[in-house]
Amino acid sequence: MTKSEAKIRLAKLRAEIDVHRYNYHVLDRETISAAALDSLKNELFKLENEFPDLITPDSPTQRVSGQPLAKFKKAVHSRPMISLFDAFSEADMRAWQERNFNYLKNKESARVAALLKSGPEYYGELKLDGLAINLRYESGLLVQAATRGDGQIGEEVTNNLKTLSSVPLKLRRPSQAELTALGLTNLAVREILKLIDFGVIEIRGEAIMTKATLASLNKKYSAAGKAPLANTRNGVAGSIRQLDSRISAERKLEFYAYDLLLADYERGQYLETRAQADKLANLFGFKTLKQNRVCRGLEEISKFYQAVEEKRETLPFEIDGTVVKFNDLKMWPVLGIVGKAPRYMMAYKFSAAQATTIVKSIVWRVGRTGALTPIALLEPVKVGGALIGRSTLHNFDEIKRLDLRLGDTVIIERSGDVIPKVIAVLKKLRSGRESKIVAPRVCPMCGGQVIRDEGKVAYRCSNKRCYAVNLRQIIHFVSKGAADFAGLGPKLIEQFMTEGLIKDAADLYSLKAEDLLSLERFAEKKVTNVLVLITERRCLEPAKFIYGLGIRHVGEENANFLAAKFRAYVFKNSYVSKNSAEDVLEISDLIKFFQSLSLDELESFTDIGPVVAQSIYDFSRGVASLKLLAKFQASGLRLKFKSADRVPGLGQDNKLSGLSFVLTGTLNSLTREEAKDKIRTLGGQVKENVAQDTDYVVFGANSGSKYAKAKKLGVKIINEEEFRALIS
Ligand code: IVH
């Protein structure tokens with residue numbers, strides 16, 4: 001982006017962000033999700049970093065987050081209310097743990113050594129989506145409630161918090177026995193009771209509105225013709241930051257404690273663990289989250305996180321993830337704070353549902369029925385934890401409804417592992433260079449004519465066989481005898497195709513994580529598995545590749561024959577050194593070989609009939625097939641002979657040379673593929689059908705008509721044992 005372009009974009013971003021800020025804070029209306037707004041702010045921030053002299057004093061980036069409103073009295077926090085770092089995946093959590101271990105390595109203490117040896121104990125908590133509040137109790141009495149503000153100074157909202165029945169106006173004074181039962185030392189018990197009587201205790205936690213309260217309030221508001229509350233967080237923030245505490249009271253908020261500060265002591269001075277602090281908060285008269293759990297290691301944290309995510313919908317309040325804390329409070333000061341947040345806790349959040357990004361181009365996928373569906377290719381963006389690079393647009397009418405153009409900034413939404421959707425276009429961010437999207441006239445898959453049925457929404461490819469033929473070809477390429485993408489079954493291939501990710505087999509090699517993560521039912525683990533599989537298949541045996549090309553009439557045997565010829569060709573033209581069967585060959589070498597074969601030469605091979613010869617010849621010179629081969633070459637796919645491949649003059653064991661075999665039925669000790677491989681390695685040929693000149697028919701359990709035919713023709717029939725003797 002040039003500087004003058006950046007200047008225009010920055011001005012537009014600032015204006016857009018400001019409109020939503022005004023709607024949210026002044027009008028109490030949420031016109032964009034917090035996640036999408038964050039996404040815009042993030043772009044603004046990055047662009048300003050790139051062009052720092054374009055930063056203006058009124059830019060939203062220059063605002064200290066959550067500055068106290070002038071209308072409230074200011075409250076200076078005794079200790080800063082910091083924020084949390086975010087994690088979105090197990091990998092993020094492991095990285096956090098790793099960083100902590102590295103940090104702790106340099107600290108010399110028995111406690112740290114023990115922790116590094118046996119791993120830390122964590123306390124998993126729900127992450128409530130409300131408003132952070134600090135409650136200050138002096139001599140046991142509530143003297144001040146304050147919002148977080150900028151972390152140092154908040155707004156004094158004591159009267160509003162006093163309307164919450166879950167906020168004790170006076171701390172409950174636990175009995176000595178209750179405190180001792182928590183496992184506290186006598187000294188700690190004495191000190192805590194002293195602080196209740198004469199000292200300062202602060203409780204931090206979240207003020208929230210339950211989902212049920214939101215629903216019933218909104219019902220009431222809509223009956224009274226008032227604007228509804230956008231969500232529970234808005235409900236809380238809006239009501240606590242009201243000067244009239246009657247409004248707070250009406251909104252029935254609740255308070256859950258998640259932190260406890262005993263005067264000026266470090267948290268670990270009198271209390272041992274976070275779990276203990278929760279129990280002490282209960283004894284003081286506060287609600288804590290009963291779902292919170294001690295978890296040994298990150299595996300238990302993962303289980304906790306998953307269980308919470310599953311229960312999320314059924315909880316009475318909104319949460320946006322979990323917070324994972326070191327349970328041992330004595331570790332807190334050791335780990336300390338870095339930048340804006342502590343090392344000793346991490347917000348392990350659920351995927352944020354929305355983000356903003358730019359539409360780079362549109363591809364059209366062809367469905368089963370020939371219907372064309374537009375897919376937006378996006379500037380990759382993290383939605384929650386996952387990088388997303390594409391999004392479905394359903395049909396052409398959807399493009400019109402959204403008034404979407406190429407180059408537009410859009411909001412995309414993803415919930416769970418469902419396909420991300422474009423839900424809105426931010427038209428005010430347009431530069432004027434966006435271009436209209438038009439439906440294709442020819443099918444991107446087969447070049448067939450595109451038609452639109454009268455009165456129907458969908459555009460269709462008029463070639464009825466378009467989808468099926470392509471699908472079958474790709475499925476053939478990944479099948480066992482060919483490239484053998486074990487695990488990438490027809491269902492997945494079809495999913496890739498219907499989602500417009502692949503048009504032909506070569507496209508498999510350019511699949512990227514961000515493409516796969518945009519698919520339904522594709523979580524990170526599955527994506528990694530598929531990508532690993534593709535990498536492993538980036539080098540294929542020539543015979544398997546040739547077979548996978550699906551040249552008409554060329555079955556496995558013909559493919560093997562052609563591969564052997566290719567090997568000889570390569571050898572003769574000294575692409576590879578004489579003793580090395582290890583060399584990697586290019587697809588372009590194979591093209592050269594194919595094109596070196598004249599029709600006469602092809603027909604002269606005894607194993608190849610005239611029809612097959614013509615087919616191979618046509619394939620080697622066909623525009624479509626050469627295009628496909630060039631695509632394979634560009635995709636990085638390479639060929640390599642197995643060192644055991646039969647190569648004239650390389651001195652392999654050729655004991656089955658000149659012998660032909662037909663296999664029938666199931667063998668016990670080896671699979672059909674292994675048996676075939678063995679025969680070929682030893683120089684033999686495997687044939688599909690029994691003929692007069694077949695040398696051996698090997699039969700296994702449930703052998704069929706081939707057995708009978710062999711008998712009739714008097715071909716030698718051997719069982720598995722005899723076969724094994726032959727190949728051993
Ligand atoms: S501990 C350093 N525990 O999340 C801040 N926070 O994203 C320590 N939150 O402002 C907070 N549930 O309002 C903590 N169980 C929990 C929480 C929690 C919700 C909020 C909190 C904070 C925000 C940080």
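Read the numbers this way: they start at 1 and go in the same order the structure lists the ligands and their atoms.
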- Side-chain contact, heavy-atom cut-off 4.5 Å: M345 with W332? yes

- By chain and number, the residues contacting ligand 1 below 4.0 angstrom (heavy atoms only) are I82, S83, L84, E125, L126, K127, L128, A132, E206, Y258, V323, K325, M345

- Hey, do the aromatic rings of F317 and Y256 have their centres closer than 6.0 Å? yes

- Query: Any side-chain heavy atom of P174 sitting closer than 4.5 Å to one from I192?
  - Reply: no

- Partner of E125 by side-chain hydrogen bond (donor to acceptor under 3.5 Å, both in side chains), out of R293, K325, Q291: K325

- Donor-acceptor contact present, side-chain S59 to main-chain I55, <3.5 Å: no

- Query: Do L40 and I32 have side-chain heavy atoms sitting under 4.5 Å apart?
  - Reply: yes

